[in-house]
Number of protein chains: 2
Amino acid sequence: MADRGSRKDSPRLTARGAATRDRIVATTADLMFRQGVAATTLDQVVDACGISKSQLYHYFPDKEALIAEVIAMRKHRMVSTQKPQLDQVRSMRDLERWRDWLVTSRRERGEPYRCPIGSLANEVAGRYDDARRSLAGIFDTWQGLLADGLARMRESGELDPGTDPRELAVAVIAALQGGYLLAETMQDERPLMVALDMALDHVKAHVRAPVANLTQSDN
Amino acid sequence: MADRGSRKDSPRLTARGAATRDRIVATTADLMFRQGVAATTLDQVVDACGISKSQLYHYFPDKEALIAEVIAMRKHRMVSTQKPQLDQVRSMRDLERWRDWLVTSRRERGEPYRCPIGSLANEVAGRYDDARRSLAGIFDTWQGLLADGLARMRESGELDPGTDPRELAVAVIAALQGGYLLAETMQDERPLMVALDMALDHVKAHVRAPVANLTQSDN
DNA sequence: GGCGAAATGGACGATTTCGTCCAGTTTATG
DNA sequence: CATAAACTGGACGAAATCGTCCATTTCGCC
């Protein structure tokens, strides 16, 4: 398993130190999620964490390194929430459950219509190339988790043998991201749902045609 | 026609003044497109325009007003480039032409994989609510142009009578935006093309089913 | 307990950035 | 051509922001 570099660069790290460090990253991630990377000040981080400036520079050489850690945390968090859901995908029904879970879990937490990864990517992609690459890796991993599920659907005969799970996964994640952007901008969750419905219809279009009963109305 | 306030707030405006003002907006728009809103400094704008600080504050009360003008310009530019294309949409073939034009025109200009409106929206949506509303209006207009084309396709009988052009347009624009985001992050235009192909397949799924030959494979 | 390293607090400096001010120049118009 | 208003240049101030420094406290370990 590839070490993210969180623990390696600081030779020795006390339990308290590790806790503080993690708290800094988590708090910064939250601030950057809500107001953006550039708009998040190190002084804000210091205040929100209840620490002093020297801590920040004790654990991170500069702001860019802190951003890198935030991204690493986002990857870890994405995998730990998405993997359990996507690993269970074996049918269209499971995929619909995943879609519903995406929408309802966001709604329940009262979070803004925004993807923690997508919004990050949009802001830093043209500015910090290392960050951009890391975020590309996150998207790649995400698409991989989804593609694995689609591959299972193909192997089990639900999807057409000619289906490319990877390409399908790219399309679905793109729809998800675009749906988030429109939903946030218009302050309305319907664009997100519409986009996800399109994506799932697109997957459904690759369902192996049943021998009879072609006229069923789906959705 | 709703005046955007470009000419109204300055009672008299010399030809030279108007030219300078427009140049400021255009240059700022370009800088913000390439490096983001927060990362674009007023001093950078001053340097890039070859003007001095007082001009900026002669024409615009503050940075937020300048951002507002940039957004207004983006709307104008979007309409002037998208409307000629989308007004001609009367069939799936036209829609495919629009898709190809989107991809190739970006490629020819050597621009980054980024939507001038989407990237703007992602950055300011959670920060300046006025800007967010304006951008929502742009998306709404854009979707309207596309929906009109889809409505023509429905009226001419190419699309199913039960089709909702507006909802379809939302889905297509979402795919476009998500495709842009993935393309920029992964530095690869394929996600954009995959997303647009999905969107067009989704429209195609609403093509009125021919009376016979139901088992045709689309795509 | 004692020693060295890690962890912490908070002031401080350098730079950037937004916005102001005022003196000088150009333009429109009688 | 004279005058007022639009236009312009560039220095300047105030605040924000990144990053540094050093004294002090806490922790790990013998």
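Both backbone and side-chain heavy atoms feed into the values below; hydrogens, waters and symmetry mates do not. Residue numbers begin at 1 in each chain, while the letters A, B, ... track the order of the sequences. Owing to the predicted nature of the structure, the values given are computational and were not obtained by experimental measurement.
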Show me the donor-acceptor pairs, under 3.5 Å and distance only, between side chains in residues 131-140 of chain A and residues at least two apart or in other chains.
residue: R132(A); atom: NE; partner: T185(B); partner atom: O; Å: 2.8
residue: R132(A); atom: NH1; partner: D129(A); partner atom: OD1; Å: 2.7
residue: R132(A); atom: NH1; partner: D129(A); partner atom: OD2; Å: 3.4
residue: R133(A); atom: NH1; partner: D129(A); partner atom: OD2; Å: 2.9
residue: R133(A); atom: NH2; partner: D130(A); partner atom: OD1; Å: 2.9
residue: S134(A); atom: OG; partner: D130(A); partner atom: O; Å: 3.2
residue: D140(A); atom: OD1; partner: R166(A); partner atom: NH2; Å: 2.7

Which atom pairs, donor and acceptor, lie under 3.5 Å between side-chain atoms of residues 167-184 of chain A and protein residues at least two apart or in another chain?
residue: E184(A); atom: OE2; partner: R114(A); partner atom: NE; Å: 2.6
residue: E184(A); atom: OE2; partner: R114(A); partner atom: NH2; Å: 2.8

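Distances shown here put a side-chain N or O of Q55(A) below 4.0 Å from the OP1 or OP2 atom of dG9(C). Contact annotation: Y59(A) reaches the phosphate of dT8(C) (side-chain N/O to OP1 or OP2, under 4.0 Å).
At whole-Å resolution of the value, CZ in R21(A) and C1' in dT8(C) are 16 Å apart. dC18(C) atom P lies 15 Å from atom CZ of F60(B), rounded to whole Å. Between I24(B) atom CD1 and dG9(D) atom C1' the separation is 13 Å, expressed in whole Å. In this structure, H58(B) places its NE2 atom 14 Å from P of dT27(C), rounding to the nearest Å. In this structure, CD of Q35(A) is placed 10 Å from P of dT17(D), rounded to the nearest angstrom.
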Restricting to nitrogen or oxygen on both sides, can you table the protein-nucleotides 25-29 of chain D pairs closer than 3.5 Å?
residue: dT26(D); atom: O3'; partner: R16(A); partner atom: NH2; Å: 3.0

Any N/O pairs under 3.5 Å between the protein and nucleotides 19-23 of chain D? List them or say none.
residue: dG19(D); atom: OP2; partner: Y57(A); partner atom: OH; Å: 3.1
residue: dG19(D); atom: OP2; partner: K63(A); partner atom: N; Å: 3.2
residue: dG19(D); atom: O5'; partner: Y57(A); partner atom: OH; Å: 3.4
residue: dG19(D); atom: N7; partner: K53(A); partner atom: NZ; Å: 3.1
residue: dG19(D); atom: O6; partner: K53(A); partner atom: NZ; Å: 3.0

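Note on L56(A): nothing from the nucleic acid sits closer than 4.0 angstrom, heavy atoms only.
Evaluation of the side-chain hydrogen bond (donor to acceptor under 3.5 Å, both in side chains) rule for D87(A) yields K83(A) as partners, not counting sequence neighbours. For R16(A), the side-chain hydrogen bond (donor to acceptor under 3.5 Å, both in side chains) test picks out no residue, with sequence neighbours left out.
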Trace of the side chain to side chain contact (heavy atoms under 4.5 Å, CB included) decision for W98(A) with Q88(A):
CA-CA 9 Å; W98(A) 174 68; Q88(A) 293 184 351; over 6 Å; no
Test side chain to side chain contact (heavy atoms under 4.5 Å, CB included) applied to D201(A) and D201(B), step by step
CA-CA 10 Å; D201(A) 279 353; D201(B) 279 353; over 6 Å; no
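Looking at which nucleotide of DNA chain D each of A39(A) and S52(B) is closest to, the 5′-most match is held by S52(B).
A salt bridge links D30(B) to R34(B): one of the charged nitrogens lies within less than 4.0 Å of a carboxylate oxygen. Between R99(B) and E96(B) there is no salt bridge, since no side-chain N of the basic residue sits under 4.0 Å from a carboxylate O of the acidic one.
No hydrogens or angles considered: a donor-acceptor pair under 3.5 Å links the side chains of D94(B) and S91(B).
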